[in-house]
There are 2 protein chains.
Amino acid sequence: MPTAARKRPRNEDRIFTALADPSRRAIFESLTRGEAAVNDLTSRFQISQPAVSQHLAVLKDAGLVDRRKDGRRVIYRVEPRGLKPLIDWIAYYRAFWTEHVQRLEDLLDSMPDDAPDAPDASTRPR
Amino acid sequence: MPTAARKRPRNEDRIFTALADPSRRAIFESLTRGEAAVNDLTSRFQISQPAVSQHLAVLKDAGLVDRRKDGRRVIYRVEPRGLKPLIDWIAYYRAFWTEHVQRLEDLLDSMPDDAPDAPDASTRPR
DNA sequence: ACAATACATAAGCCATCACTTATATTTAAT
DNA sequence: ATTAAATATAAGTGATGGCTTATGTATTGT
């Protein structure tokens with residue numbers, strides 16, 4: 001069947017917003033060291049369990065983490081492809097100043113991605 | 001098992017918060033097309049001049065833009081090295097989750113179907 | 001000198017956010 | 001069957017953030 005428009009929302013907006021909060025970024029960073037249940041994460045930080053759950057919901061909505069049920073626990077893990085829109089955003093604008101930042105080239109060349117899309121300009125100039 | 005000691009400054013904080021706002025990101029993106037005065041930027045968006053100045057102040061504080069005076073105008077331009085902490089952040093944690101993806105794939109290869117094992121208990125709280 | 005222009009800062013308003021406690025829901029343990 | 005545990009959601013609250021208008025400070029033009 002011919003696929004119609006792949007009009008995926010692909011919001012780098014949610015990603016930037018999700019990672020802007022230090023607690024949320026700390027939770028994400030903690031998950032890069034291995035998957036963990038909500039209770040595990042709650043014990044690692046000094047915020048309440050609902051706060052952790054809310055942060056995880058934001059991260060999940062941004063596509064940065066995924067979850068799986070294990071009995072009465074919910075195991076969260078990093079979604080490896082979640083940072084792709086962020087990398088694409090950087091890749092798109094790299095053309096304008098890339099000659100000054102060779103490390104960016106190095107990083108982007110080592111990324112296992114294919115043909116980054118142009119980040120969407122939902123806030124367009126007039 | 002990676003026990004990442006914290007020896008990395010967290011200056012990506014301001015960058016994430018600076019880029020989290022769509023208007024501010026739009027201003028930054030606009031500056032990638034060339035340097036511009038505040039008045040130029042104000043005419044491109046539908047927000048007031050003080051709002052533009054405030055956004056530019058946040059971007060400058062994050063190290064994403066720099067400015068130069070030209071008569072009574074202030075010309076803003078992208079600071080090429082400004083995104084480096086962001087790129088470093090991605091590169092740093094990318095190493096972790098690619099490692100974990102590999103570990104997960106190895107696990108799935110060696111173990112067909114049953115008994116998901118316990119989450120990593122060696123992750124230490126801060 | 002005076003007026004106009006370009007920008008920054010101040011002050012206030014309103015929406016959003018990150019947190020809390022309380023509660024509902026699902027699953028496990030006894 | 002009860003109780004406990006793990007998590008999500010609801011509701012409320014204080015703080016923060018982005019916007020506005022008003023005003024201050026340089027700089028240019030006449």
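Protein chains get the first letters and strands the later ones, always in sequence-line order, with residue 1 at the start of each.
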Asks: Report yes if at least one side-chain N or O of B/Lys69 is closer than 4.0 Å to OP1 or OP2 of D/dT27; otherwise report no.
Replies: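 True: B/Lys69 side-chain N/O within range (under 4.0 Å) of D/dT27 OP1/OP2.
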
Asks: Look at the side chain of B/Arg72 and decide which nucleotide, out of D/dG29, C/dT27, C/dC7, has an atom nearest to it.
Replies: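 Among the listed nucleotides, the one closest to the side chain of B/Arg72 is D/dG29.
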
Asks: Mark yes or no for whether B/Arg81, through its side chain, and B/Gly63, through its backbone, hold a donor-acceptor pair below 3.5 Å.
Replies: no

Asks: If only side-chain N and O atoms of B/Arg73 are considered, is one of them under 4.0 Å from the OP1 or OP2 phosphate oxygen of D/dT27?
Replies: no

Asks: Taking CG from A/Asp21 and C1' from D/dA15, how many angstroms apart are they, rounded to a whole number?
Replies: 13 Å

Asks: Taking CD from B/Gln46 and P from D/dC19, how many angstroms apart are they, rounded to a whole number?
Replies: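 Nearest whole value for this atom pair: 12 Å.
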
Asks: Looking at C/dA8, I'd like to know if its phosphate oxygens (OP1 or OP2) sit under 4.0 Å from a side-chain N or O belonging to B/Tyr76.
Replies: yes

Asks: Can a side chain N or O of A/Ser53 be found less than 4.0 Å away from OP1 or OP2 on D/dT7?
Replies: no

Asks: Please state how far atom CD1 in A/Ile47 lies from atom C1' in D/dT13, giving the value in whole angstrom units.
Replies: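 A/Ile47 atom CD1 is separated from D/dT13 atom C1' by 17 Å.
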
Asks: Measure from the side-chain N and O atoms of A/Arg68 to the backbone N and O of A/Ile75, and report whether any donor-acceptor pair falls under 3.5 Å.
Replies: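 Not confirmed, A/Arg68 side chain does not pair with A/Ile75 backbone.
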
Asks: Hey, which of these two, A/Pro50 or A/Thr17, hits DNA chain C nearer its 5' end, going by closest nucleotide?
Replies: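 Taking each residue's closest nucleotide, the earlier one in sequence belongs to A/Thr17.
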
Asks: Any ion pair linking B/Asp88 and B/Lys84 (charged N to carboxylate O, less than 4.0 Å)?
Replies: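 Salt bridge between B/Lys84 and B/Asp88, a charged N being under 4.0 Å from a carboxylate O: yes.
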
Asks: Counting the atoms with a prime plus P, OP1 and OP2 as sugar-phosphate, which does B/Ala57 contact under 4.0 Å by heavy atoms, base, sugar-phosphate, or nothing?
Replies: nothing

Asks: Are any of the side-chain heavy atoms of A/Val58 and A/Thr17 separated by less than 4.5 Å?
Replies: no

Asks: Reckon B/Ser23 has a side-chain N or O less than 4.0 Å from the OP1 or OP2 of D/dC19?
Replies: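 Yes, such a contact exists.
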
Asks: To the nearest Å, how far apart are B/Leu41 CG and D/dC19 P?
Replies: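 Taking atom P of D/dC19 as the reference, CG of B/Leu41 is at 14 Å.
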
Asks: Set out, in order, the CA-CA distance, both residues' side-chain angles and the distance that settles side-chain contact (heavy atoms from CB on, under 4.5 Å) for B/Leu19 and A/Glu12, then state yes or no.
Replies: CA-CA 10 Å; B/Leu19 295 176; A/Glu12 71 262 10; over 6 Å; no

Asks: Please report the distance, rounded to the nearest Å, between CG in A/Asp13 and P in C/dT16.
Replies: 14 Å

Asks: How close or far is atom P of D/dA8 from atom CG of A/Asp70, stated in whole angstroms?
Replies: 13 Å

Asks: Pick the closest DNA chain C nucleotide for B/Gln54 and for B/Ala37 by heavy atoms, then say which residue is nearer the 5' end.
Replies: B/Ala37

Asks: Could you state the CG-P distance from A/Asn39 to D/dT7, rounded to the nearest angstrom?
Replies: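 Distance, rounded to whole Å: 5 Å.
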
Asks: Under a 4.5 Å cut-off applied to non-hydrogen side-chain atoms, are B/Tyr93 and A/Arg25 in contact?
Replies: no

Asks: Measure the distance from CZ on A/Arg68 to P on D/dA8 and round it to the nearest whole Å.
Replies: 14 Å

Asks: What contact category does B/Lys60 fall into here, base, sugar-phosphate, or nothing, at under 4.0 angstrom with non-hydrogen atoms?
Replies: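 Contact class for B/Lys60: none.
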
Asks: Please check the phosphate of D/dC19 (OP1 and OP2 only) for any side-chain N or O of B/Ser48 closer than 4.0 Å.
Replies: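 Checking B/Ser48 against D/dC19: no side-chain N or O falls below 4.0 Å of OP1 or OP2.
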
Asks: Can you tell me if A/Arg67 touches the phosphate of D/dA8, counting only side-chain N or O atoms and a distance under 4.0 Å to OP1 or OP2?
Replies: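 Indeed, a polar side-chain atom of A/Arg67 lies that close.
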
Asks: Ignoring hydrogens and angles, are the base of C/dT21 and the side chain of A/Gln49 linked by a donor-acceptor pair under 3.5 Å?
Replies: no

